[in-house]
Amino acid sequence: QVQLVESGGGLVQAGGSLRLTCAASGRTFSNYAMGWFRQAPGKEREFVAAINWSGGNTYYSDSVKGRFTISRDNAKNTVWLQMNSLKPEDTSVYYCAARRGGPVARKGDSYDYWGQGTQVTVSS
């Protein structure tokens, strides 16, 4: 089993940056593809970014491509989401998720474990 804890959220002005961190427990972190999702009030959960087990392949939603970067360090059991040029529409609760085995996925139902989420608020 994997436990995920997100941190790094907060309030930032439009155009600013934040770096989210997802710390994972367990010794088999490298067996998991990792993803970031977000959900705003009244909206469905949305795929943001994903990374395969080695970090060699990354995927992004069109809405964040070129602004956000996902990365991981398997030795530290950590995955990050660097968010630059933030916009008010990026305001959401951001969730880290882990998918055991297989390729990365854009659908939340494909992931096995989820963190508790961290709030990101971007003011205009």
Side-chain angles (χ1 to χ4, degrees):
Q1 186 165 344
V2 174
Q3 292 185 331
L4 305 172
V5 178
E6 303 98 333
S7 61
L11 174 64
V12 64
Q13 289 187 335
S17 298
L18 283 174
R19 189 191 197 198
L20 304 185
T21 299
C22 175
S25 66
R27 300 183 296 172
T28 57
F29 179 68
S30 59
N31 288 347
Y32 293 84
M34 300 297 295
W36 285 96
F37 293 78
R38 66 188 183 186
Q39 188 168 20
K43 295 187 176 181
E44 294 187 352
R45 183 174 58 197
E46 176 188 15
F47 168 77
V48 176
I51 189 167
N52 75 329
W53 69 273
S54 68
N57 292 312
T58 56
Y59 302 86
Y60 300 92
S61 67
D62 289 342
S63 61
V64 308
K65 194 175 298 182
R67 300 188 297 122
F68 291 10
T69 302
I70 187 171
S71 60
R72 69 187 294 162
D73 185 335
N74 289 340
K76 296 181 179 180
N77 283 13
T78 302
V79 62
W80 297 276
L81 184 68
Q82 177 66 44
M83 306 186 296
N84 298 328
S85 302
L86 282 161
K87 305 175 181 179
E89 50 265 42
D90 294 319
T91 296
S92 281
V93 177
Y94 283 72
Y95 297 91
C96 173
R99 182 177 192 235
R100 181 172 177 82
V104 294
R106 296 174 180 266
K107 294 184 178 181
D109 292 347
S110 298
Y111 287 79
D112 302 295
Y113 303 103
W114 292 82
Q116 83 289 348
T118 185
Q119 176 71 47
V120 171
T121 303
V122 185
S123 63
S124 57

What residues, two or more places apart in sequence or in another chain, satisfy ring-ring contact (aromatic ring centres under 6.0 Å, His included) together with [X]?
{"X": "F47", "answer": "F37"}
{"X": "Y94", "answer": "none"}
{"X": "Y60", "answer": "none"}

Would you say the side chain of [Y] lies within less than 4.5 Å of the side chain of [X], judging by non-hydrogen atoms?
{"X": "R99", "Y": "P103", "answer": "yes"}
{"X": "Q13", "Y": "S123", "answer": "yes"}
{"X": "W36", "Y": "C22", "answer": "yes"}
{"X": "L11", "Y": "Q119", "answer": "no"}
{"X": "M34", "Y": "R72", "answer": "yes"}
{"X": "K76", "Y": "F29", "answer": "no"}
{"X": "L18", "Y": "V120", "answer": "yes"}
{"X": "F68", "Y": "N84", "answer": "no"}

Does any N or O in the side chain of [X] come within less than 3.5 Å of the main-chain N or O of [Y], such that one atom is a donor and the other an acceptor?
{"X": "T118", "Y": "G9", "answer": "yes"}
{"X": "E6", "Y": "G117", "answer": "yes"}
{"X": "S25", "Y": "Q3", "answer": "yes"}

If hydrophobic clusters are built by linking Ile, Leu, Val, Met, Phe, Trp and Tyr wherever their side-chain heavy atoms come under 4.5 Å apart, do [X] and [Y] end up in the same one?
{"X": "W114", "Y": "V93", "answer": "yes"}
{"X": "V104", "Y": "L81", "answer": "no"}
{"X": "Y111", "Y": "V48", "answer": "no"}
{"X": "I70", "Y": "L86", "answer": "yes"}
{"X": "M83", "Y": "V79", "answer": "yes"}

With sequence neighbours left out, the residues meeting salt bridge (Lys or Arg N to Asp or Glu O under 4.0 Å) with R45 are D109
Taking only residues two or more places apart in sequence or in another chain, which ones pass salt bridge (Lys or Arg N to Asp or Glu O under 4.0 Å) with R38? E46, D90
Hey, mind stepping through T78 and D73 against side chain to side chain donor-acceptor pair (under 3.5 Å) and telling me if it holds? CA-CA 5 Å; T78 302; D73 185 335; over 6 Å; no
I'd like to check the side chain to side chain contact (heavy atoms under 4.5 Å, CB included) partners of R100; sequence neighbours left out, ordered by chain and number. T28, N31, Y32, D112
Over all atoms of both residues, closest heavy-atom pair of [X] and [Y]:
{"X": "A24", "Y": "L4", "value": "CB-CD2, 3.6 Å"}
{"X": "S17", "Y": "S85", "value": "OG-N, 4.3 Å"}
{"X": "A105", "Y": "A50", "value": "O-CB, 4.1 Å"}

To the nearest 0.5 Å, what is the distance between OG (S54) and CG (N74)? 8.0 Å
Would you compute the distance between atom CG of N52 and atom CG of N57 and round it to the nearest 0.5 angstrom? 4.5 Å
Determine whether more than 12 heavy atoms belonging to other residues, nucleotides or ligands lie under 6.0 Å from atom CD of Q116. yes
Would you say CH2 of W80 has more than 12 non-hydrogen atoms from neighbouring residues, nucleotides or ligands within 6.0 angstrom? yes
